[in-house]
Protein chains: 2
Amino acid sequence: MTTIKDVARAAGVSVSTVSHVLSGRRPISEPTRLRVMEAIERLGYRPNRLAQGLVSKSSRSLGLLVPDLANPFFGSMAEAMEIAAHDRGYSVILCNTNLDPKREADYLSMLLSRQVDGLLYFPGTRVPNRALLEAVAAGVPVVVVDERIDNLPGVFVDNFDGGRQLGRLLAQLGHRSLLFIGGPEGLPTVTDRLNGLRAGLAEGGRASVNLLLRFGEYRASHGYEIIHACAREGVFAAVGDERPTAVVAANDMIALGALRALRELQLHVPRDCSLTGFDGVEFTAMITPSLTTVQQPSTRVATAAVELLLQRIEAHENHRDRERAAQEHQPYADAAPVIPHVVLPVTLVVRESVAPPPRN
Amino acid sequence: MTTIKDVARAAGVSVSTVSHVLSGRRPISEPTRLRVMEAIERLGYRPNRLAQGLVSKSSRSLGLLVPDLANPFFGSMAEAMEIAAHDRGYSVILCNTNLDPKREADYLSMLLSRQVDGLLYFPGTRVPNRALLEAVAAGVPVVVVDERIDNLPGVFVDNFDGGRQLGRLLAQLGHRSLLFIGGPEGLPTVTDRLNGLRAGLAEGGRASVNLLLRFGEYRASHGYEIIHACAREGVFAAVGDERPTAVVAANDMIALGALRALRELQLHVPRDCSLTGFDGVEFTAMITPSLTTVQQPSTRVATAAVELLLQRIEAHENHRDRERAAQEHQPYADAAPVIPHVVLPVTLVVRESVAPPPRN
DNA sequence: CCTGGTAATCAAAACGTTTTGATTTTGATA
DNA sequence: TATCAAAATCAAAACGTTTTGATTACCAGG
């Protein structure tokens, strides 16, 4: 490894001069600058970020905690976030939590050890992770994404509105009996989408709709099993308003599994039963039938999250500096601790998987 | 931040004693050990990995360069790799190359700055990236995954065999005219799968098969467009052995797009045309019709890649140490520079998307 | 009762940077 | 020509660790 010392020696200047050439924090004469640059080039010098981080107390990296990268929703989110972070000079340390609180705690500790400047966190469970709250208490800037946690800053989509648009659509088509397959019960995304759905159905003129609720995981297998379980219970053999004529899945993966199961039950989508998803991942446009879903602006969500996190990081650093400068007196209490929640709009994408209910 | 110094002071011992308690490299008396541990606990001390890395010259982190996380194939690979790395005490820095050589070079430089111990690299183009080769030349251990690069160590699946199994299957079903939709022309995975396909067809008794070749990108849109383009050229209107009765896609994404297009052309899969994919990502089991594909053991590939990389890293470190110890004489030339290539087996998964060709 | 090895501890150097105070040089102004 | 500020440079401290002699205390073997 060639170090800044080697460069200094090669250029015949002091170490600090090389540093100043690189950072531009102090004026350097043109001839010296050129000599230094030449030496850097010639020796292939690359500053050691560990050393930089040690003195600057900032690693210029973010921790990304995500439940399940195999899910393309999280995949594209992670991709967009990494790109946004890279654009602003930050690296991303990937952590696969698998929704396991133990793993999360483990990762959090590692990330703090690595002096990350901030955390991008996808919650996957209802109760906020203890270790996360400790990290927040320890002063690490955090932005929560996708799933709301009340007193933490975050970026989300308007899940209620998405649900409402679905509800209106289905009501207008004439559906009076729905099966809602949620993710984990009580999770804000699930609850908001469901409440939105109810509101939309009401707006669509269906005052009283038969709404069957099931909860579980955000996975294809869950959608698949719920449908089969319902079938075993005779749900789809019922008549009149007892029989659901549409399945509303809380996300696209669940819908995918449900679609598979419906097909195995010889229920044609959308002829015998409509189906909707949520998130709008790429494959929903490609499958047969193409899936009616609510599209999240994933890139915008990801960018907004990184943006917000970097803002917080800067604020945090300034705060620390100010504290250090004026440690003897507290001139004014901290400004109102507003917790920013960015909410982005969603778009209903109507595709082949919905139709009026069968009449019989 | 509480540092090792604070702990030392609190426990009434020297800094090096604390370090030895933590590392176990020198004996420490039980009472002292307990006092130190208590202080660590009480102060919530967490060693600063930047500082550790600076002195140990190892950041205990790996760079992961992946073309496109939105693709669930790469998503699950990345997930499995991160988990394997984490299990062995390494963190993963995520880099989204998007197949852009400029971005790759950029990331590589950043990763070297960050003193990563090794690189996990998914090549996406035929010509190996210049910057990557420079990194290798600079002595950074690299393991290439999925796509072969001849003189770099790597982990791959038996693409030829996968192609062959598909060929045998289709030949046995009676197909005599196929459309192969590849990824980028010349890419080893594409070529191997195609050559395997040919071999399989021959083995299956179809000495001469009409094989129409198209190349492009590993994306759904590519499969979609190729099918439509072929239709415009009248490929599917041809008669006899001119008309392909099966479409072999070089991966699942292409197959997904092709399926969509075939459906738009009113060609039923598999009645009018069979279809196969490659990789075996989760959704292939869920779509309609479920997709016949070649399953990669992604977790095993990922684990093997991490394993191999860590081996190389250790070897590299020992090598450096030995060099330093015995710098005056070269006792023996380096052992034969064997480039390990781990090849893992694939599994043909036959599902609904294939059938005998229509007879007419 | 000495000898030597090991256990236990400490002090100091090193890792590669940035930052800061001090010093010298330069150029313009009075 | 003397003065002063700004420009240009350097030396040294600091960041939080690990590693490595060096030192002391202890105990067993002769």
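Heavy atoms only: backbone and side chains are in, while hydrogens, waters and symmetry mates are out. Just so it is clear: chains get the letters A, B, ... in the order the sequence lines come, proteins before strands, and each one is counted from 1.
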What does [X] touch in the nucleic acid at a heavy-atom separation under 4.0 angstrom: a base, only the sugar-phosphate, or nothing?
X: A:Thr32; answer: sugar-phosphate
X: B:Thr3; answer: sugar-phosphate
X: A:Pro27; answer: base

Do we see a donor-acceptor contact under 3.5 Å between the side chains of [X] and [Y]?
X: A:Ser14; Y: A:Ser16; answer: yes
X: B:Asp106; Y: A:His86; answer: yes
X: B:Ser91; Y: A:Arg114; answer: yes

Rounded to whole Å, how long is the line connecting atom [atom1] of [X] with atom [atom2] of [N]?
X: B:Lys57; N: D:dG16; atom1: NZ; atom2: C1'; value: 15 Å
X: B:Glu30; N: C:dA7; atom1: CD; atom2: C1'; value: 14 Å
X: B:Ile40; N: D:dT17; atom1: CD1; atom2: P; value: 10 Å
X: B:Leu50; N: D:dA14; atom1: CG; atom2: C1'; value: 15 Å
X: B:Arg33; N: C:dT9; atom1: CZ; atom2: C1'; value: 16 Å
X: B:Leu22; N: D:dG16; atom1: CG; atom2: P; value: 16 Å
X: A:Gln115; N: C:dT18; atom1: CD; atom2: C1'; value: 16 Å
X: B:Gln52; N: D:dC15; atom1: CD; atom2: C1'; value: 14 Å

For this session: Could you check A:Val13 against A:Arg35 for side chain to side chain contact (heavy atoms under 4.5 Å, CB included), going step by step and ending with a plain yes or no?
Result: CA-CA 9 Å; A:Val13 299; A:Arg35 241 177 328 131; 4.1 Å; yes
Which of the following nucleotides, [options], is nearest to the side chain of [X]?
X: B:Ser19; options: D:dT19, D:dA8, C:dC15; answer: D:dT19
X: B:Val15; options: C:dC10, D:dT17, C:dT9; answer: D:dT17
X: A:His20; options: D:dT17, C:dC15, C:dT19; answer: C:dT19
X: A:Val55; options: D:dT9, C:dG16, D:dT18; answer: C:dG16
X: A:Tyr45; options: D:dC10, C:dA8, C:dT17; answer: C:dT17
X: A:Val13; options: D:dC15, D:dC10, D:dT19; answer: D:dC10

Exercise. Of B:Ser14 and A:Leu54, whose nearest nucleotide on DNA chain C comes first from the 5' end?
Worked result: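 Counting from the 5' end, the first nearest nucleotide belongs to B:Ser14.
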Under 4.0 angstrom between [X] side-chain N/O and [N] OP1 or OP2:
X: B:Ser56; N: D:dT18; answer: no
X: A:Arg25; N: C:dT19; answer: yes
X: B:Ser16; N: D:dT19; answer: no

Exercise. Around atom CD of A:Glu41, are there more than 12 heavy atoms of other residues, nucleotides or ligands at under 6.0 Å?
Worked result: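 Incorrect, the count does not exceed 12.
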Exercise. Are more than 12 heavy atoms from other residues, nucleotides or ligands located less than 6.0 Å from atom CZ of B:Arg130?
Worked result: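 Incorrect, the count does not exceed 12.
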Exercise. Starting at the 5' end of DNA chain D and moving along, which residue's nearest nucleotide shows up first, B:Arg26 or B:Arg46?
Worked result: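 Nearest-nucleotide comparison on DNA chain D picks B:Arg46.
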